[in-house]
Amino acid sequence: MVRRTIPLVLALFLTQNMAAQLKQFTLEDLNFGGNNYHNMRPKNMYLRWWGDKLMYQDAEEWGTVDMKTGSKTAVATLDKVDAAMGNGKVASAMNVTFPYPDSPLALLKNSKERVLYDWKAGKVVWRQPCEGEQYSDWTAETRAVAFVRDNQLCVTDAEGATRTLTTDGSRDIVYGQAVHRNEFGIMKGTFWSPDGKRLAFYRMDQSMVTDYPQVNTFTRIATEEPDKYPMAGMTSHKVTVGVYDLSTGKTVYLDAGDPTDRYFTNIAWSPDSKTVYMIELNRDQTDMALRSYDAASGKRKTTLYTEHDDKYVQPMTPIAFLPWDDTKFLLQSQRDGYNHLYLFDTEGRELRQVTSGKWVVIDLVGFNKAKKSAIILSNEASPIQNNLYAVDLKSGRRTLLDNGRGMHAAYFGRGDKGGMLSASGKWLFDHYTEPDVPRDICVTNTATAASNRILSAPDPWAGYAVPEYSCGTIKAADDSTDLYFRMVKPIGFDPAKKYPTVVYVYGGPNVRNVEAGWHYASRSWETYMAQKGYLLFILDNRGSSDRGRDFEQATFRHLGQEEMKDQMRGVAYLKSLAYVDTTRMGVHGWSYGGFMTTSLMTTYPDVFKVGVAGGPVIDWKWYEVMYGERYMDTPEANPEGYAQTSLLAKAKNLKGKLQIIIGMNDPTVVPQHALQFLNACEEAGTQPDFFVYPGEGHNMRGHKSVHLHERITQYFEDYLK
């Protein structure tokens, strides 16, 4: 027996010795603001399509990519472009685009001009001034660009002539920018017609919206730099939509009626550039209507579709016309409980539901024109996966276009996946990742599903001490719904030991933390904490995204309550594990997660010993109109809900160590939240800690993010370990 145990002891010693010899991470390695962060990311290729030809772009050059092997051939360098321009230098080729499938023309710009560079001829073939542009939006069809300068909306045509379309632009009257505080998928404020001859644009009158008094403390005497911030239940801005005709120089506004307490979203053009489509919502966000407008006169044509939900509707995407049939389009809706595709014609007749099932269409990527199929991204395979499918629009039959695992289309953000598809839709490039795959890139034929891997990134963390990442499910507080969690175990994990445990939480709408990507989408700070001997636990509670309407709406009118119940189910699971030290449990989150952190610390004060709440919502009556009223209604309509979810009355319950951290100039969760909670604690005699980043907004920028995570870590080191 003794002789048999010697190898085991020796093996344990050797394993521990090898772990000790592995490199240790720093926040300079792991945090996006860190000096070594770029070296710790998986290898990548930055790709674009030139028609159906795959192109790469690097800082100093661009070129073609062999779609079978991934081999690259440079076709142009910035040195040659700069020499041809003779008017300043282009900072990087990373933003180069190839707008004409049949011509070797690259669109680039520097601070003075925008050019089309013919890389085969080695010369600039077209120039356009661009100095002083903001929010620029260029169209390949007419080579015109819309932009904002000195608060006015302007258009410069292909010949370089600039016309200022507005005269009353100001801080109060905003043109050509995203409106409704970027809700409803609104990310921009100008929309060119397919022929490039007309421009739809937003005009936002926010003169009636209350100023929130932000202060710039970097001036000799602090100066006021207020934000327009419409709080829940208060007066909101008014939005109208104009249409400028490039050929006539005239502007008309859509005759959509009184814009008071209405939202105009998801603007789309008809393929013939004659009709503007828009989804309109009431302020209560219970009713939406898809309407069409004549682009020449602005007159309303018809209402094609309406939808009602007693809680809320949340349209996030414009309609998408079929490239082979100008009379038909796809609409996305979760009216059957899950976001799916519906086929309509331009008379407003619903032809069929194209996709269905207890899963979510994450995105409509585009179309394969020859096969008459739609390319979608969905979580049909698993609630924590994203997979690509081709959908036959007649039969609804779906063909898997990837390996059926992991997170696909991972290169693009939500709602920005059209760039994956080639011009014809026959090809797509797919950045994907799995729990043990840092990044792979494949080129796939969307007609046959045949695929070639053109890059397989090596593990950039090889040689470092890396924790164990795992994923599992527990039941929600409703005793029926599966919730997914991620666990990150301490490096050198020993199940015989007990470890301090930190619950990282977000918990709010439109976010999914646990995904089947690299390390189950673990945040790199979790790795840093695991290196310091902590166990990390992350649970996606009811109310989070991509699980269907009822899952998301479970929190309606009482934010934080069902979420906390689910998070406490996670705590119960942790308490069942022998290696979790239940006397040393912490919680951390940012934004909605800061709200959840503070809620958990004050609702379950005997459970959590330490918490760090970043940018926390404290009382929803101080949050903005669009988001706040969608999930909580107004304070006047839902006084019980606002009282129940406010953390001011719970300040007296605080027992553990709680640090609140904010950006002093946060325009999203304004400082009033944190300051009023501090006041409530002072009146109650409880003792939170507070740290502020002057000049910073809702998230810390650059290297200050490293400082932030050092501070978060140190707080747990001081009080939990």
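In this chain, residues are counted from 1 in sequence order. Just so it is clear, the values below take in all heavy atoms, side chains as well, and ignore hydrogens, waters and symmetry mates.
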Is there a side chain to side chain contact (heavy atoms under 4.5 Å, CB included) between F98 and K53 once you walk through the steps?
CA-CA 10 Å; F98 314 106; K53 297 181 177 69; over 6 Å; no

Between Q353 and D336, is a side chain to side chain contact (heavy atoms under 4.5 Å, CB included) present by the stated rule, with each step listed?
CA-CA 10 Å; Q353 182 172 350; D336 75 346; 3.0 Å; yes

So, do R143 and W138 sit near enough that their side-chain heavy atoms are less than 4.5 Å apart?
yes

With a 3.5 Å distance limit and no angle check, can you tell me whether T265 reaches the backbone of I279 through a side-chain donor-acceptor pair?
yes

Could you walk me through whether Q177 and M204 pass the side chain to side chain contact (heavy atoms under 4.5 Å, CB included) test, one step at a time?
CA-CA 8 Å; Q177 300 174 45; M204 177 171 63; over 6 Å; no

Does any donor atom in the side chain of H308 or D287 lie under 3.5 Å from an acceptor atom in the other side chain?
yes

Please answer whether the main-chain N or O of S373 pairs with a side-chain N or O of N368 as donor and acceptor at a distance below 3.5 Å.
no

Considering residues, nucleotides and ligands other than K358, do more than 12 of their heavy atoms fall under 6.0 Å from its NZ?
no

Is there side-chain contact between C471 and V514, with heavy atoms separated by less than 4.5 Å?
yes

Over 60° means perpendicular and under 30° means parallel, so tell me whether F32 and Y37 are parallel, tilted or perpendicular.
perpendicular

Heavy-atom donor-acceptor pair, N541 side chain to G507 backbone, under 3.5 Å
yes

Any chance the side chains of N387 and R398 put a donor and an acceptor closer than 3.5 Å?
no

Looking at Y56, is K72 sitting on its ring face, NZ or CZ under 6.0 Å from the six-membered ring centre and within 45 degrees of the normal?
yes

Under 3.5 Å, which donor-acceptor pairs link side chains of residues 548-555 to any protein atom two or more places apart or in another chain?
unit_1 : atom_1 : unit_2 : atom_2 : d
R549   : NH1    : R335   : O      : 2.9
E552   : OE2    : D546   : N      : 3.2
Q553   : NE2    : Y312   : O      : 3.2

Ring pair (Phe, Tyr, Trp, His ring centres under 6.0 Å) test vs F329 passes for just one of Y342, W269, F321, namely F321

Less than 6.0 angstrom separating the ring centers of Y135 and F201, yes or no?
no

Measure the shortest side-chain to side-chain distance between D402 and L400 over non-hydrogen atoms and say whether it is less than 4.5 angstrom.
yes

Do we see a donor-acceptor contact under 3.5 Å between the side chains of R439 and T433?
no

For the residue pair Y202 and F191, does the interplanar ring angle fall in the parallel (under 30°), tilted (30 to 60°) or perpendicular (over 60°) class?
perpendicular

May I ask you to decide if the ring planes of Y263 and H180 are parallel, tilted or perpendicular, using 30° and 60° as cut-offs?
perpendicular

Angle class for the H431/F429 ring planes (parallel below 30°, perpendicular above 60°, tilted otherwise)?
perpendicular

Is a side-chain donor or acceptor of W49 paired with a backbone partner of M420 at a separation under 3.5 angstrom?
yes

Judged by atom type as modelled, is there a donor-acceptor pair below 3.5 Å linking the side chain of S382 to the main-chain atoms of I384?
yes

Answer yes or no: is there a side-chain heavy-atom contact under 4.5 Å between R291 and R300?
yes

Do R630 and F184 meet the cation-pi criteria used here (NZ or CZ under 6.0 Å from the six-membered ring centre, within 45° of the axis)?
yes

Does R397 CZ have over 12 foreign heavy atoms under 6.0 Å away?
no

Checking K371 against T446 for the side chain to side chain contact (heavy atoms under 4.5 Å, CB included) test, could you report, in this order, the C-alpha distance in whole Å, the side-chain angles of both residues, the deciding distance, and whether it holds?
CA-CA 9 Å; K371 297 294 290 184; T446 62; over 6 Å; no

Answer yes if the side chains of S456 and D440 hold a donor-acceptor pair under 3.5 Å, and no otherwise.
yes

Can a donor-acceptor pair be found, under 3.5 Å and without considering hydrogens, that links the side chain of D345 to the backbone of R349?
yes

Has Q385 got a side-chain atom pairing as donor or acceptor with G404's backbone, closer than 3.5 angstrom?
yes

Provide the closest heavy-atom pair for K328 versus L351 in the form atom of the first, atom of the second, distance.
CE-CD1, 3.6 Å

Are S273 and K197 close enough that a side-chain donor and a side-chain acceptor fall under 3.5 Å?
no

Taking everything shown except K188 itself, do over 12 heavy atoms lie less than 6.0 Å from its NZ?
yes

Students often mix this up, so state it plainly: with edges at 30° and 60°, are the rings of W50 and W119 parallel, tilted or perpendicular?
perpendicular

